[in-house]
Amino acid sequence: MPEGHTIHRLALDHGKALAGQVLRVSSPQGRFEDAARLDGLRLVRTEAHGKHLFYVFEKSRVLHVHLGLFGRYFAAKSPATRVRPTTRLLLEGAERSFALVGPTACELLSPTRRRELLARLGPDPLRPDADLDVVRAALARRKTPIGQVLLDQSVIAGVGNVYRAEALLVTGIHPERPCKDLSDDQVDALWATLGRMLQDGVRDRRIITVAPEELPGPRSKIRRKEAVYVYGRRTCLRCGGPVSKLTSANRTLYACLACQTG
DNA sequence: TATGTATGGTAAG
DNA sequence: TTACCCTACATAA
């Protein structure tokens with residue numbers, strides 16, 4: 001589930017449902033002991049940076065959540081009944097409640113640690129403050145393969161394994177191409193493509209990278225493997241040729257070496 | 001019931 | 001580079 005689009009969608013949904021309210025905060029599972037320090041406080045706003053989700057409460061207390069690979073939220077009406085015992089964090093507002101399960105991180109963050117965390121993140125294509133020049137500079141310096149670098153959150157924040165494969169396919173870039181060898185146009189196209197894909201993901205609440213005119217039916221009914229060009233597929237949706245399964249940054253990287261020659 | 005898989009990340013070696 | 005953490009869900013047995 002969780003690439004940057006998921007986190008930004010959560011920030012929007014949770015902000016809309018909970019911001020301005022005094023919340024009940026608990027940890028049914030018991031592993032988030034600081035829940036008590038947030039219980040009864042007013043939520044000021046929510047914020048997403050790449051794959052990191054922040055809840056800013058009054059008294060300047062900041063809750064940091066990172067879903068990792070398995071983390072997910074279950075939404076329900078308030079009061080929350082039948083909460084799973086694995087629920088690390090339960091946020092209850094007047095109308096809606098959100099139960100967090102399986103996160104990599106769920107913690108209270110000091111202002112200092114929050115700054116340090118954000119300082120480690122590259123520009124997030126979903127944020128208005130993202131600076132493409134910073135990305136350009138970072139890429140121009142490296143000979144690392146672009147496929148590997150796209151998962152490096154300190155270069156671009158929010159891209160995950162699906163968007164990496166799909167953006168490289170759409171831009172026709174070979175995943176093993178060294179960053180510094182990419183042309184300015186290629187870098188610009190990659191950034192624009194990632195931005196568009198992530199925005200669509202926020203809107204659709206899922207990853208659909210295939211162009212609207214290429215989709216076989218209504219956007220809401222598209223099956224997973226028909227929503228992408230190469231990720232998790234055996235054949236390329238664009239050219240019909242075989243999809244290669246490479247390994248990069250310890251993850252499976254899907255690519256169509258016929259389409260991706262750049 | 002058991003197994004395999006997943007759109008992520010960190011710390012140790 | 002490897003080990004390890006986190007959990008739900010689909011599928012196989």
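Each chain gets a letter, A, B and so on, in the order its sequence line appears, and its residues count up from 1. Hydrogens, waters and symmetry mates play no part in the numbers below; they use all other heavy atoms, side chains included. Predicted model, so just to flag it, every value in this text is computed and none were measured.
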| query | Using the P atom in both, what is the distance from B:dT10 to C:dA8, to the nearest Å? | reply | 22 Å

| request: Could you measure between the two C1' atoms, the one in C:dC9 and the one in B:dG9, and give it in whole Å? | output: 22 Å

Is the closest basic N to carboxylate O distance between [X] and [Y] below 4.0 Å?
{"X": "A:D188", "Y": "A:R136", "result": "yes"}
{"X": "A:R223", "Y": "A:E226", "result": "yes"}
{"X": "A:E47", "Y": "A:R45", "result": "yes"}

| task | Determine, using the 4.5 Å side-chain heavy-atom cutoff (strictly less than), whether A:L63 and A:L41 are members of one ILVMFWY cluster. | result | yes

| request: Check whether any side-chain heavy atom of A:L67 lies under 4.5 Å from a side-chain heavy atom of A:R72, and answer yes or no. | output: no

| query | Within a strict 4.5 Å, meaning less than it, do heavy atoms of the A:L139 and A:K180 side chains meet? | reply | no

| request: Find out whether the Lys NZ or Arg CZ of A:R42 is both under 6.0 angstrom from the six-membered ring centre of A:F57 and within 45° of the ring's axis. | output: no

| message | Does the Lys NZ or Arg CZ of A:R238 fall within the cation-pi geometry relative to A:Y229 - under 6.0 Å from the ring centre and within 45° of the axis? | response | yes

| said: Using a 3.5 Å limit for the pairing distances, which stems of at least 3 consecutive Watson-Crick or G-U wobble pairs does DNA chain B take part in? | reply: B:1-6 with C:7-12, B:8-12 with C:1-5

Heavy atoms under 4.0 Å, any strand shown: does [X] hit a base, just sugar-phosphate, or nothing?
{"X": "A:R72", "value": "sugar-phosphate"}
{"X": "A:T104", "value": "base"}
{"X": "A:Q29", "value": "sugar-phosphate"}
{"X": "A:R206", "value": "nothing"}

| field | Toward the 5' end of DNA chain B, by each residue's nearest nucleotide, A:Y254 or A:R120 | value | A:Y254

| request: Ignoring hydrogens and angles, state whether a donor on the side chain of A:E92 or A:S97 is under 3.5 Å from an acceptor on the partner side chain. | output: no

| query | Looking just at side-chain N and O atoms, do A:S183 and A:D185 make a donor-acceptor pair shorter than 3.5 Å? | reply | no

| message | Suppose the criterion is side-chain hydrogen bond (donor to acceptor under 3.5 Å, both in side chains): which pairs have a residue in residues 9-26 of chain A, not counting sequence neighbours? | response | A:R9-A:D13, A:D13-A:R205, A:H14-A:Y55

| field | Boundaries of the chain A footprint along DNA chain B (any atom under 4.0 Å from a heavy atom) | value | B:dA6 to B:dT10

| request: Among A:H49, A:R114, A:E107, A:R113, find the one that has a side chain to side chain donor-acceptor pair (under 3.5 Å) with A:H64. | output: A:E107

Scan the side chains in residues 194-204 of chain A for donor-acceptor partners under 3.5 Å anywhere in the protein, sequence neighbours excluded, and list what turns up.
unit_1, atom_1, unit_2, atom_2, d
A:D204, OD1, A:R219, NE, 3.3
A:D204, OD2, A:R219, NE, 2.9
A:D204, OD2, A:R219, NH2, 3.0

| Contact boundaries on DNA chain C for chain A, cut-off under 4.0 Å to non-hydrogen atoms | C:dT2 to C:dC9

| request: Scan residues 232-248 of chain A against DNA chain C and write down, sorted by residue number, each residue with any heavy atom closer than 4.0 Å; if none is found, say none. | output: none

| Between A:F74 and A:G71, which is nearer to the 5' end of DNA chain C once each is assigned its nearest nucleotide? | A:G71

